[in-house]
Amino acid sequence: VLPPSLSLTTALTCVLPCFPCEPSGADGPFLLRPRAVSPASGPVPNTIAMTRSKTFQAYLPSCHRTYSCIHCRAHLANHDELISKSFQGSQGRAYLFNSVVNVGCGPAEERVLLTGLHAVADIYCENCKTTLGWKYEHAFESSQKYKEGKFIIELAHMIKDNGWD
């Protein structure tokens with residue numbers, strides 16, 4: 001039911017023009033929710049502000065073998081991005097990936113790891129906020145430079161999805 005001051009035509013003309021502005025493509029489905037208007041900007045008569053809410057930021061193709069967050073099943077990485085299975089995380093074995101999706105990065109900090117001093121940033125699942133591993137920001141030893149910009153995800157936080165035998 002619309003308020004008396006807002007006609008159906010006004011509501012539709014306010015909402016429908018927003019859809020072409022929304023990003024489209026492979027970034028997944030979205031839901032629209034009303035967004036609060038800040039008191040500083042003052043009320044805007046006869047308009048409805050909408051924001052987008054997604055299940056996951058990105059979906060990997062279902063035809064490929066993928067790794068997902070064990071806690072919420074958000075896609076994390078394509079098997080083709082796997083570099084090595086020979087890494088050790090704080091909670092056991094871990095995999096090194098070229099690129100990942102649906103992860104956020106914390107601030108970088110220097111840590112002494114098994115292979116020497118590195119600047120790393122913890123990564124977490126954007127969906128459930130679980131810490132998954134880390135991103136190598138900088139390697140101080142020349143033999144470790146290949147890790148820069150790569151991601152470690154611990155097996156304790158991953159599950160295999162799509163097409164595994």
Side-chain angles (χ1 to χ4, degrees), residues 15-38 48-141 144-165:
V15 175
L16 289 178
C18 297
F19 288 105
C21 299
E22 293 289 339
S24 61
D27 61 348
F30 61 89
L31 302 170
L32 294 175
R33 292 187 195 157
R35 181 180 66 214
V37 178
S38 71
I48 299 173
M50 304 301 271
T51 59
R52 184 165 74 158
S53 172
K54 295 186 228 176
T55 305
F56 305 133
Q57 296 293 319
Y59 289 87
L60 296 171
S62 60
C63 59
H64 291 100
R65 294 181 293 174
T66 59
Y67 297 93
S68 298
C69 176
I70 198 167
H71 310 285
C72 69
R73 298 300 286 259
H75 292 176
L76 296 175
N78 189 325
H79 183 67
D80 296 339
E81 296 298 317
L82 178 65
I83 298 170
S84 174
K85 295 181 178 182
S86 302
F87 278 75
Q88 188 69 29
S90 60
Q91 297 181 12
R93 291 182 50 212
Y95 289 179
L96 180 69
F97 291 94
N98 249 331
S99 66
V100 294
V101 296
N102 299 321
V103 300
C105 240
E109 61 184 34
E110 291 183 4
R111 290 187 196 154
V112 178
L113 303 175
L114 293 173
T115 54
L117 182 63
H118 297 274
V120 298
D122 286 337
I123 60 171
Y124 57 90
C125 175
E126 279 282 4
N127 192 52
C128 68
K129 308 303 181 202
T130 300
T131 300
L132 302 169
W134 61 86
K135 178 182 180 183
Y136 287 100
E137 298 288 353
H138 180 71
F140 292 95
E141 296 181 25
Q144 302 299 308
K145 291 287 187 186
Y146 75 96
K147 295 178 185 175
E148 289 181 354
K150 308 296 190 287
F151 300 85
I152 287 288
I153 300 179
E154 297 178 338
L155 265 61
H157 302 295
M158 277 193 308
I159 189 166
K160 294 176 179 179
D161 268 338
N162 298 336
W164 294 90
D165 294 333

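Because only heavy atoms are used, hydrogens play no part in the values below, and waters and symmetry mates are left out as well, while side chains stay in. This is a predicted model, so every value here is computed, not measured. In this chain, numbering begins with 1 at the start of the sequence shown.
Taking CE of Met158 as the start and NE2 of His71 as the end, the distance is 11.0 Å to the nearest 0.5 Å. Taken from CG in Asn78 to CG in Asp161, the straight-line distance is 12.0 Å, to the nearest 0.5 Å. The CD1 atom of Ile152 sits 7.5 Å away from the OG atom of Ser84 when rounded to the nearest 0.5 Å. To the nearest 0.5 Å, the span separating SG on Cys72 from CD on Glu126 amounts to 10.5 Å. Atoms CG and OH, from Leu96 and Tyr136 in turn, are 6.5 Å apart once rounded to the nearest 0.5 Å. Residue Asp80 holds its CG atom at 11.0 Å from CZ of Phe97, rounded to the nearest 0.5 Å.
Ring planes of His79 and Tyr67: tilted class, angle from 30 to 60°.
The shortest side-chain heavy-atom distance between Thr130 and Ile70 does not fall under the 4.5 Å cut-off. When side chains are defined from C-beta on, His157 does not count as touching Leu76, because their heavy atoms never get closer than 4.5 Å. Taking the side chain as every heavy atom from C-beta outward, Glu81 and Val100 never approach each other to under 4.5 Å. Side chains of Lys150 and Asn98 form a contact here, defined as non-hydrogen atoms less than 4.5 Å apart.
Residues Leu113 and His118 approach most closely at CD1-CD2, 3.7 Å, considering heavy atoms. Nearest heavy atoms, Glu137 versus Ala108: CG-CB, 3.9 Å. Nearest heavy-atom pair, His138 versus Glu148, reported as atom, atom and distance to 0.1 Å: ND1-OE2, 3.2 Å. Ala139 and Lys145 make their closest contact through O-NZ, 2.8 Å (heavy atoms, listed as atom of the first residue, atom of the second, distance). Contact record, Ser99 with Ala77: O-CB, 4.1 Å, taken as the closest heavy-atom pair. The minimum heavy-atom distance linking Ala74 with Asn127 is given by the pair CB-CB, 4.1 Å.
Remark: the Thr131 side chain and the Asp122 side chain contain no N/O donor-acceptor pair separated by less than 3.5 Å.
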Task: side-chain contact (heavy atoms from CB on, under 4.5 Å) assessment of Lys147 paired with Thr115 - done: CA-CA 11 Å; Lys147 295 178 185 175; Thr115 54; 2.8 Å; yes
